[in-house]
There are 2 protein chains.
Amino acid sequence: MDTEERLRDILQRLQKDGHRMTPQRVAILRAFLSAQDHPTVEQVYRRVCRDFPMTSLATVYKTVALLKEMGEVIEISGDLQGSRYDAFHPEPHPHLICTRCGQIYDGEGVDVQPVVAALQAQSAFQVSTYRLDLYGVCAACQAQSG
Amino acid sequence: MDTEERLRDILQRLQKDGHRMTPQRVAILRAFLSAQDHPTVEQVYRRVCRDFPMTSLATVYKTVALLKEMGEVIEISGDLQGSRYDAFHPEPHPHLICTRCGQIYDGEGVDVQPVVAALQAQSAFQVSTYRLDLYGVCAACQAQSG
DNA sequence: CTTCCTGCAAAGTCTTTGCAGCACC
DNA sequence: GGTGCTGCAAAGACTTTGCAGGAAG
């Protein structure tokens, strides 16, 4: 499903729940859905402002809350300079966080489910989601300075 | 190594680095080292105050920073009501976070290293640490309300 | 028209910082 | 005694909230 298709789907679901479709909301949704770089709220806000200057940070926050509720965005890493969000792959998956440049990459090709399942079995927890973040230095930063 | 032994070891290392050993610091260290429940800074502060009322929150924060630097404490879950800390098992390990009662349990008996290693290999990252948090409902809360 | 949404500003939380005086070494 | 530490209070970063006016349905 591409970004525009998802956008239409989400807007439809919002309407069904009695929510409205304002230009700000659409712009914010589009910015989130198309962002592949795990942006902060601040970053989304700035992107939206480029195309649609009449938007406030508060509205972006309110929209994130909505998207989180709908499961269309996940929050990752509550660390430096604010939480970051992933609406591009809203299913839980590993992230690789570069402590040098702050960039966040998606961890791909490794199945985490077995570990999650094992922990769940061991603990009698009813696990609903997980977060796996690896911290380190990305290839680019390694090349730059050893 | 038990708590008191670790305490002595840490104090020794602090002194070697030109740091001092004040009653507050010792009390805070002891509270952190003996806490098995992943407390917040606020909780540690309250515990220290019981035995040693002349302590400020700022000092607890400063001491956490010191302990983090020394690798004697790890920060887990920057979620609701402040970061929580684990000085009892300061090596990275999975945590099971109950979204109902807020309790944090240690995930035991499952080796996460292979997954971390696989992700590291795949990504050309130089991974230094990781964080694996599972969110769900603990056994106690399940029993309580389905 | 009604209800939800927006934007502003204020408040709230958690954490950090500046600084004067005190206490460890 | 010198330097680091403490406690206070203020500042800071991020996020949430209250509210009046405006807009979607």
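Throughout, a chain's letter reflects where its sequence line sits, starting with A, and its residues are numbered from 1.
- Residue T40(A) is classed as having no contact, given no heavy-atom separation below 4.0 Å to the nucleic acid.
- Contact annotation: T59(A) side-chain N/O to dG7(C) OP1/OP2 distance is under 4.0 Å.
- Applying the side-chain hydrogen bond (donor to acceptor under 3.5 Å, both in side chains) rule to Q24(B) yields no partners; only residues at least two apart in sequence or on another chain are considered.
- Put simply, S83(A) has a side-chain N or O that comes within less than 4.0 Å of OP1 or OP2 on dT15(D).
- No donor-acceptor contact under 3.5 Å links the side chain of K62(B) to the base of dG4(D).
- Nucleotide dG21(D) holds its C1' atom 12 Å from the CE atom of M54(A), rounded to whole Å.
- Closest contact between the side chain of R20(A) and the listed nucleotides dG7(C), dC5(D), dT3(C) involves dT3(C).
- Under a hydrophobic clustering in which Ile, Leu, Val, Met, Phe, Trp and Tyr are joined whenever their side-chain heavy atoms come within less than 4.5 Å, directly or via other members, L57(A) and V48(A) fall into the same cluster.
- Whole-Å rounding puts the L57(B) CG to dA10(D) P distance at 16 Å.
- Using cut-offs of 30° and 60° for the angle between ring planes, the H38(B) and H93(B) rings count as tilted.
- Taking the six-membered ring for Trp and the full ring otherwise, the centers of Y105(A) and F125(B) sit less than 6.0 Å from each other.
- Counting to the nearest Å, the C1' atom of dT16(D) and the NZ atom of K68(A) are 11 Å from each other.
- Remark: M70(B) CE is packed, more than 12 non-hydrogen atoms of other residues, nucleotides or ligands lying under 6.0 Å away.
- Two residues, A58(B) and Y85(A), neighbour DNA chain D, and the one matched to the more 5' nucleotide by heavy-atom proximity is A58(B).
- One atom, CD1 of I28(B), and another, C1' of dC5(D), lie 11 Å apart when rounded to the nearest Å.
- At the heavy-atom level, Q15(B) lies under 4.0 Å from the strands shown only through sugar-phosphate atoms.
- In this structure, CD of E42(B) is placed 11 Å from P of dT13(C), rounded to the nearest angstrom.
- Side-chain N/O atoms of Q24(B) include none lying less than 4.0 angstrom from OP1 or OP2 on dC5(D).
- Distance D17(B) CG to dC25(C) P: 14 Å, rounded to the nearest Å.
- Look at OH on Y45(B): it is 15 Å from P on dT15(C), rounded to the nearest Å.
- Distances shown here put a side-chain N or O of T22(B) below 4.0 Å from the OP1 or OP2 atom of dT6(D).
- Each of R25(A) and Y61(B) lies near DNA chain C, and the nucleotide nearest R25(A) is the one positioned closer to the 5' end.
- Going from atom CZ of R84(B) over to atom C1' of dC14(C) covers 14 Å, rounded to whole Å.
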